[in-house]
Structures are given as structure tokens and as C-alpha cells.
Amino acid sequence: MTTRDTQHRTDQDTRVTQNTEAVWNTETEKVLTKLKEYALGPMRFMNLLSCFELGIVDVLRAEGPRTAVEIAERVGGAPAAIEQLLLLPVKDEFLSQDERGRYELAGLAHPSAADLGRVLPWMDMIKVICLRQLYWLTDSVRTGTVVGLKELYGHEGTLYSATAANDDLRASWSAMMDSVTDYIDGWFFANLQVRPGARILDLAGNTGLGAVLTRKYKAEADPAVVCFDFPEKEAAALATFAAHGESERCGFIGGDVFDGVPEGFDLVLIKHFLDMFDKDNVLRILRNVHAALEPGGEVCVLVPSHPEHLADTSSVDFFPAYFLGCTMGEGGPQKVSTYAAWAREAGFEVTTAISQDVASMPPDMVPMHGIIVGRKN
Ligand SMILES: C[S@@+](CC[C@H](N)C(=O)[O-])C[C@H]1O[C@@H](n2cnc3c(N)ncnc32)[C@H](O)[C@@H]1O
């Protein structure tokens with residue numbers, strides 16, 4: 001009797017018959033299939049992104065059905081290479097191929113320009129910022145630093161300091177960040193109460209867009225908004241204010257949040273920032289904000305968060321690797337309940353702790369945001 005026969009006789013839930021070469025029970029089969037999907041992810045990703053980058057999708061959208069030869073004439077490359085590249089999108093029904101060998105948009109005809117305007121910046125950011133740096137994810141986890149930035153750019157620090165000197169990182173990251181901000185702001189400001197004439201600090205406000213948007217969404221309250229970020233962001237922030245005609249009611253203060261938070265504000269916004277840090281640093285930030293506020297002052301946190309039930313979103317598929325290997329060497333989202341608990345630990349009374357309704361999110365959307373509002377009593 002062979003080993004295989006023995007295995008087959010003893011394995012109750014085996015579904016493969018004795019005359020096949022190999023035998024796996026259903027649990028093993030499930031895991032091996034999942035491992036294959038993981039292994040194929042990066043390959044599928046770049047195959048499809050290349051179709052966009054080469055302009056194939058644009059050509060098919062603008063000009064209708066085209067053969068590989070015609071596509072190659074328009075976008076470059078050999079017709080044989082184009083044929084190879086288009087096998088996967090045809091298999092996955094993004095494209096179709098007719099009996100004359102012409103390709104046309106199939107599934108990809110459905111998403112609107114706005115839909116693709118969300119998806120493509122994400123894909124570009126994953127290519128530019130994640131794919132290469134994640135080669136060193138294991139080393140990043142071991143060292144608590146972004147090893148990929150050191151290896152690729154000679155940069156010792158975080159993605160956010162690396163963007164200052166590297167246009168490719170800055171352009172790709174900013175396009176993704178702007179698209180996320182664009183998408184989430186309606187929900188965020190609908191849940192934000194602002195008193196008339198309030199003085200607002202947009203902590204880690206980057207290049208001032210958040211300050212301008214606060215003025216736009218809360219125009220009736222006519223708040224004065226100051227963007228606080230590293231000093232090197234000042235010129236870009238002032239340019240943003242000028243470009244939006246907001247120089248009078250928007251300002252900039254340069255500094256490092258770990259050295260202290262400017263005083264004199266009624267409300268501190270912290271958007272897309274706490275998720276960059278581990279608990280100790282989140283508490284340092286929240287305590288510095290607490291110390292800077294007068295009693296009655298509030299903090300309002302907008303943060304990508306993991307759902308209470310991890311399988312409800314793709315948050316854990318993306319963010320742990322992103323923060324550990326691509327941007328910070330630490331951090332990663334927490335559940336809203338965890339952020340609320342940390343805000344209490346920092347001295348705040350938590351008055352709001354809500355999550356986005358997953359069902360209302362576009363199907364391509366990765367971050368699920370939470371809002372936590374705390375009051376200093
Ligand atoms: C993910 S971005 C968020 C930008 C903005 N709040 C938004 O929602 O679009 C993080 C910002 O934090 C800033 N930052 C990082 N560490 C900081 C620190 N220690 N002190 C002040 N700003 C910091 C970065 O320069 C960057 O602009």
C-alpha cells in the first residue's frame with residue numbers, strides 16, 4: 001500500500017479520488033488556494049496597471065474595438081506583448097475580445113471617471129510607495145524603521161519627510177491623499193459642530209487644504225483656521241490659502257506636535273494623523289492637545305480605523321503593511337473603540353465615537369473612517 005493510499009483511507013473529508021496524483025483535505029485545499037491568490041496579487045496588479053499606464057484603456061474607450069496590432073501602433077510595444085498583457089484583463093472580464101481578435105472595454109466600461117479618479121491614484125500610490133518599499137517589510141518590522149526608504153532613497157526617516165526631497169513620492173502620495181480627503185470631507189464636516197467665530201487648529205494640516213475645506217464647509221460659522229505642521233510646509237500652505245482667497249482667515253504655524261501644541265484654540269482637528277503612531281505616541285499627541293486647550297475646548301479626530309469585526313472591510317489588508325513598511329515603521333489604525341479609550345486616557349470626555357457605515361462606502365474604498373470627539377472639562 002502506498003503512502004497516498006494510506007492518507008486517502010484515513011482522511012475522512014478528502015474529496016480527491018484515488019486515481020489522481022495528489023490528495024488534500026478540503027481545509028488544506030482552501031489554504032493553498034488562498035496562498036495562490038496572495039502570490040498572484042502583485043502580478044495581477046501590475047498587469048492591469050500597465051494597461052492603464054500604457055494608455056490601452058484610454059485608446060479603447062476613445063476609439064472603440066481595436067486589434068493588438070492597432071493598439072501597439074497607438075501605445076507602443078510589440079503586438080505580441082500587448083496580446084500577452086491583455087490575456088488577464090480578458091479573463092477577468094475587464095475587457096472582451098471578439099471573433100476578429102479585437103479588444104474592447106467590458107467591465108471597465110462601467111466605472112465613471114469619478115470612480116476611476118479614486119481607484120487610479122490608489123493604484124499609482126501602491127506602485128510608487130508600496131510595491132518597492134515592501135520588499136523590505138520584514139526588515140522594517142524588525143527595526144521599526146522604513147528600510148525601503150533608506151535602500152531606495154538613502155532616506156532615514158518617514159515617508160512624510162522623504163516626500164520633501166523626492167518628487168515621485170510626493171506626487172503619488174499627495175494625489176492619493178487628496179482623493180481620500182475629497183471623498184471623506186462631506187461625511188467628516190457633516191459630523192463636525194463649529195461655533196460661530198471659532199478658532200480652529202488643523203493639527204498636522206499638511207499644505208493647508210484641510211484649513212481651506214473647514215472654511216468652505218463651515219462658512220456660516222466663519223471660523224479662523226490655522227494649519228499646524230512641520231515648518232517646511234509653510235510656503236505650500238500659504239500658497240494654498242492665497243490660491244483659495246483665504247489668506248485673511250487662514251494661517252500657518254510651524255512646529256513638531258511632540259514638542260507641544262499651540263494654545264488659543266477652541267477646537268483642534270486631527271485628521272489622518274493618529275493612525276501613523278503606536279499607542280505611546282498617540283497618547284503624547286492627545287495629551288499635548290489636551291494641555292493646549294482651555295476647559296470647554298474640543299478635539300475632533302478623523303482617522304482610518306479597523307472595523308470592530310475585522311472581516312467587514314479591507315482595512316487590515318492594506319494598512320499594517322503600509323504603515324510598517326512604507327511610511328512610518330510604526331503605527332497602523334485601531335478600532336474606534338480603542339481610539340475613544342485612548343482619548344479618555346489622555347483626559348478627554350468622549351462625546352462622539354462613530355464609524356462610517358460600510359454599506360455607504362464605494363466598493364473600491366479601502367479606509368473606513370472613524371470620528372472621535374473629546375471635550376476638555
Ligand atoms: C497623513 S498626513 C495628513 C494630512 C492632513 N491632516 C489630511 O488629512 O489630509 C500627515 C501629516 O502629518 C505631518 N506630520 C508628521 N509628523 C508630524 C509632527 N511630528 N508634527 C507635526 N506634523 C507632523 C506631515 O507633515 C503630514 O502633513
Side-chain angles (χ1 to χ4, degrees), residues 121-122 125 129-130 145-146 149 155-166 169-189 191-192 200-217 225-241 250 252-262 265 267-278 280-289 292 299-305 318-319 322-323 326-333 356 366-367 369-372:
W122 265 93
M125 186 277 294
I129 289 175
C130 303
T145 64
V146 187
L149 288 174
H155 181 79
E156 297 199 40
T158 70
L159 175 75
Y160 306 102
S161 47
T163 55
N166 297 285
L169 294 177
R170 183 174 57 248
S172 184
W173 179 79
S174 303
M176 179 279 296
M177 197 66 235
D178 286 351
S179 121
V180 171
T181 301
D182 220 35
Y183 152 74
I184 199 61
D185 270 338
W187 181 74
F188 174 67
F189 286 108
N191 284 287
L192 179 72
I200 301 177
L201 185 70
D202 187 19
L203 196 86
N206 199 17
T207 50
L209 182 61
V212 167
L213 290 170
T214 308
R215 295 262 316 142
K216 177 182 147 192
Y217 280 93
V225 192
V226 169
C227 170
F228 177 80
D229 207 296
F230 289 132
E232 58 265 29
K233 300 277 173 126
E234 178 165 12
L238 296 183
T240 304
F241 303 152
C250 290
F252 182 90
I253 298 177
D256 184 326
V257 68
F258 293 109
D259 296 336
V261 171
F265 295 91
L267 172 63
V268 176
L269 307 181
I270 312 181
K271 296 163 69 187
H272 298 116
F273 190 54
L274 295 189
D275 49 325
M276 291 162 44
F277 302 100
D278 289 336
D280 285 355
N281 281 333
V282 173
L283 285 179
R284 282 172 70 199
I285 295 164
L286 289 173
R287 285 185 176 127
N288 283 353
V289 172
V299 64
C300 183
V301 174
L302 174 71
V303 67
S305 49
F318 177 79
F319 281 111
Y322 174 72
F323 280 111
C326 307
T327 66
M328 293 294 294
E330 69 165 296
Q356 266 185 294
V366 176
H369 290 82
I371 295 176
I372 299 96

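In what follows, every heavy atom counts, from backbone to side chain, and hydrogens, waters and symmetry copies are set aside. For ligands, and for the atoms within them, numbers begin at 1 and follow the listed sequence. Numbering of residues begins at 1 and proceeds along the displayed sequence.
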Which of the numbered atoms in ligand 1 are below 4.0 angstrom from a heavy atom of G255? 20 (N), 21 (C)
Just which atoms of ligand 1 are under 4.0 Å from any heavy atom in F273? 12 (O), 14 (N), 15 (C), 16 (N), 17 (C), 23 (C)
Could you report the tightest heavy-atom contact between P262 and L201, atom names first, then the distance? CD-CD2, 3.9 Å
Check whether D229 reaches the backbone of N206 with its side chain - one donor and one acceptor, N or O, closer than 3.5 Å. yes
Hey, looking at atom 5 (C) of ligand 1, which of G254, A236, A204, G210 has the closest heavy atom? A204
I'd like to check L302 versus H272 (side-chain heavy atoms, cut-off strictly below 4.5 Å). Are they in contact? yes
Could you state the interatomic distance from CG (L209) to OG1 (T214), rounded to the nearest 0.5 Å? 9.0 Å
Check this for me, if you would: do K271 and D185 make a salt bridge, where the nitrogen-to-carboxylate-oxygen distance has to be below 4.0 angstrom? yes
Checking heavy atoms under 4.0 Å, the part of W173 that sits near ligand 1 is side chain
Here the atoms of ligand 1 under 4.0 Å from any heavy atom belonging to F258 are 19 (N)
When you look for heavy atoms under 4.0 Å from ligand 1, do you find them on the side chain of N206, its backbone, both, or neither? both
Give the residue and atom name of whichever protein heavy atom lies nearest to atom 10 (C) of ligand 1, and the separation in Å to one decimal. M276 SD, 3.7 Å
Give me the nearest non-hydrogen protein atom to atom 17 (C) of ligand 1 as residue plus atom name, then the distance to 0.1 Å. F230 CZ, 3.2 Å
Could you point out which residue of F277, F273, W173 forms a ring pair (Phe, Tyr, Trp, His ring centres under 6.0 Å) with Y160? W173
Using every non-hydrogen atom in the two residues, find where A292 and V261 come nearest and quote the distance to one decimal. CB-O, 3.4 Å
Quick note on ligand 1: atoms under 4.0 Å from a heavy atom of T181 include exactly 9 (O)
In ligand 1, the atoms that come under 4.0 Å of a heavy atom of H272 are 1 (C), 2 (S), 3 (C), 7 (C), 8 (O), 10 (C)
Check each atom of ligand 1 against the heavy atoms of K233 and keep those under 4.0 Å away; list them by number with element. 25 (O), 26 (C), 27 (O)
Is a side-chain donor or acceptor of D202 paired with a backbone partner of V225 at a separation under 3.5 angstrom? no
Ligand-residue contact atoms, ligand 1 with D256, heavy atoms, under 4.0 Å: 18 (C), 19 (N), 20 (N)
From V257, D229, T327 - option closest to atom 13 (C) of ligand 1 by heavy atom: D229
So, 4.0 Å and heavy atoms of S161: is ligand 1 close enough to count as a contact? no
Determine whether the aromatic ring centres of F228 and F265 lie less than 6.0 Å apart. no
